[in-house]
Amino acid sequence: GSLHGLGGASRFQRQRQRGMPPARGRIRFTTLESQHRREEGSLTPYTSSSTLTTIRLTCAAARGCDELPRYLSEMSAISTSDNVVICECVARDGLQNEPDFVPTDVKRALIERFAQLGFIRVEATSYSNPKIVPQFADASELLRQLERREGVFYKATCANLKAVERACADRKAGTGVNEISLLVSASEAHTAKNLRATREDQWKNVANMAAVAKDQFRLVGVVSVALGCPCEGRVDPGIVVDDVARFVDLGVHHVAIGDTTGMGTPGTVRELFRRLTRELPLLVPIAHFHDTRGTGLVNCIAALETGVRHFD
């Protein structure tokens with residue numbers, strides 16, 4: 001693939017030779033074409049070294065061409081690392097706030113298409129209270145109709161014990177998901193608003209939920225507002241680390257760090273994920289970013305640089 005970032009670097013070099021400051025705001029991120037390999041009649045997306053090269057060189061150009069040699073030297077370590085795993089979340093997180101009910105057959109077609117495209121984790125639905133989140137009133141019916149693809153984890157969000165019991169019932173009927181997520185929030189205010197509980201009460205709920213779900217699903221913990229809370233502002237990273245450690249103690253090793261309202265920055269992302277991987281070696285961290293303030297992509301790159309390989 002072409003190294004689009006090199007063109008940006010040469011422009012920076014010309015500007016500096018003329019004594020002009022680098023026009024950082026004028027760098028444009030070019031579209032990265034996906035690469036595929038054909039496997040068993042389907043197209044499976046994968047992360048190529050040229051794609052990572054393009055991303056990193058473009059970022060290096062945005063920071064100034066003096067850093068290009070260091071980024072080039074680091075590139076081989078990242079481009080030869082384990083493949084990135086992306087969980088496609090449109091059918092749940094994307095549809096949750098849609099004002100109109102999306103028909104079940106449309107949701108089913110979306111989920112099946114995502115699996116056909118090669119996503120090995122797909123968030124399918126939420127066992128929410130239909131009176132509160134009517135978009136997922138069809139959760140069990142959707143899963144009953146859904147055509148599964150071998151090797152794919154289909155996830156459902158579970159906010160309380162009742163939701164886990166519904167997931168277990170569908171699983172027992174042979175139509176359920178094989179992965180569920182258990183939720184906590186890193187701030188008291190967001191916990192009260194989103195889960196209608198105190199943080200300590202929610203942790204008691206999560207412990208009961210994990211016990212009921214044990215051995216039936218792959219469990220995924222979620223720490224919401226981990227990089228900033230719309231209600232309280234800054235969130236102490238120590239609270240997030242403690243929350244993730246509590247999930248690991250419950251046997252939940254896949255944990256998503258949720259930047260729920262897009263308040264994270266590359267600096268805070270790097271700091272948090274480096275601390276998590278340093279203090280919790282059994283953890284499989286998952287990065288969950290929102291693009292509310294236009295930082296979603298750069299935060300993904302920052303997490304990638306710390307070794308994160310699972311992204312929502």
Side-chain angles (χ1 to χ4, degrees), residues 85-98 101-116 119-185 194-197 202 205-224 247 250-258 260 284 286 288 290 310-312:
V85 176
I86 298 175
C87 178
E88 173 46 70
C89 299
V90 164
R92 201 283 302 175
D93 208 0
L95 298 183
Q96 180 164 304
N97 294 319
E98 286 297 310
F101 182 78
V102 177
T104 303
D105 59 342
V106 174
K107 295 173 184 170
R108 173 189 171 183
L110 273 173
I111 297 165
E112 291 176 355
R113 179 66 170 168
F114 293 146
Q116 290 168 6
F119 291 99
I120 61 172
R121 294 185 65 230
V122 181
E123 190 171 40
T125 190
S126 173
Y127 286 105
S128 304
N129 184 334
K131 294 180 181 179
I132 299 174
V133 189
Q135 187 64 257
F136 304 120
D138 62 347
S140 293
E141 178 60 22
L142 168 66
L143 295 173
R144 188 187 66 80
Q145 296 181 19
L146 187 65
E147 182 178 338
R148 306 304 202 278
R149 190 175 182 88
E150 186 177 355
V152 175
F153 281 92
Y154 297 89
K155 184 177 73 166
T157 297
C158 296
N160 51 45
L161 184 59
K162 176 68 174 177
V164 172
E165 290 171 346
R166 291 172 60 192
C168 290
D170 285 346
R171 182 75 172 167
K172 186 176 181 180
T175 59
V177 294
N178 50 3
E179 181 178 287
I180 62 172
S181 56
L182 313 177
L183 313 178
V184 300
S185 289
N194 196 48
L195 299 171
R196 301 185 179 185
Q202 181 60 14
N205 293 337
V206 167
N208 291 333
M209 293 157 67
V212 170
K214 188 177 181 181
D215 300 329
Q216 298 185 66
F217 311 91
R218 181 164 78 177
L219 303 182
V220 177
V222 177
V223 182
S224 299
F247 272 123
L250 290 172
V252 182
H253 295 107
H254 289 72
V255 182
I257 306 304
T260 310
V284 179
I286 302 169
H288 181 114
H290 286 228
H310 283 254
F311 294 84
D312 285 345

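Across all their heavy atoms, A139 and R166 have their closest contact at CB-NH2, 4.1 Å. Residue V177 comes nearest to K155 through the heavy atom pair CG1-C, 4.1 Å, listed as atom of the first residue, atom of the second, then distance. Nearest heavy-atom pair across A124 and I111 is O-CD1, 3.5 Å. R149 and A115 get closest at one heavy-atom pair: CD-O, 3.3 Å. Heavy-atom minimum distance, S185 versus S224: OG-CB, 3.7 Å. Listed here is the closest heavy atom pair of V252 and L219: CG1-O, 3.6 Å.
Looking at R148, its side chain does come within 3.5 Å of a backbone N or O of L146 through a donor-acceptor pair. Side chain of Y154 to main chain of T125: no donor-acceptor pair is present (N/O by atom type, distance under 3.5 Å, no hydrogens or angles). A donor-acceptor pair is defined here as one N or O able to donate and one able to accept, closer than 3.5 Å; such a pair exists between the side chain of R171 and the backbone of Q216.
In this structure the side chain of V284 reaches within 4.5 angstrom of the side chain of H310, judged on heavy atoms. Contact annotation: the side chain of R196 approaches that of I132 to within less than 4.5 Å [non-hydrogen atoms, C-beta and beyond]. Between H288 and D93, some side-chain heavy-atom pair lies under the 4.5 Å cut-off. In this structure the side chain of F119 reaches within 4.5 angstrom of the side chain of I86, judged on heavy atoms. At a threshold of 4.5 Å between non-hydrogen side-chain atoms, the residues C87 and I286 do not count as touching. Residues L142 and F136 have side chains not in contact (no heavy-atom distance under 4.5 Å, counting atoms from C-beta outward). Residues F247 and V206 have side chains in contact (heavy-atom distance under 4.5 Å, counting atoms from C-beta outward). Proximity of K107 to Q135: side-chain heavy atoms (C-beta onward) are separated by under 4.5 Å at one or more points.
A side-chain N or O of Q202 and one of N205 form a donor-acceptor pair less than 3.5 Å apart. A side-chain N or O of D138 and one of T104 form a donor-acceptor pair less than 3.5 Å apart. Q145 and E141 share a donor-acceptor pair across their side chains, judged by distance under 3.5 Å alone.
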Stepwise side chain to side chain contact (heavy atoms under 4.5 Å, CB included) test for V184 and V222
CA-CA 6 Å; V184 300; V222 177; over 6 Å; no
Can L182 and F217 be said to form a side chain to side chain contact (heavy atoms under 4.5 Å, CB included), step by step?
CA-CA 12 Å; L182 313 177; F217 311 91; over 6 Å; no
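In this structure, L95 CG and L110 CG are separated by 6.5 Å, a value rounded to the nearest 0.5 Å. Between the SG atom in C89 and the CZ atom in F114 there is a gap of 9.5 Å [rounded to 0.5 Å]. A distance of 12.5 Å separates NZ in K172 from CG in D170, rounded to the nearest 0.5 Å. Separating the CD atom in E150 from the CD1 atom in I120 is a distance of 13.0 Å, to the nearest 0.5 Å.
Using a 4.0 Å cut-off between charged side-chain N and carboxylate O, R121 and D312 make a salt bridge.
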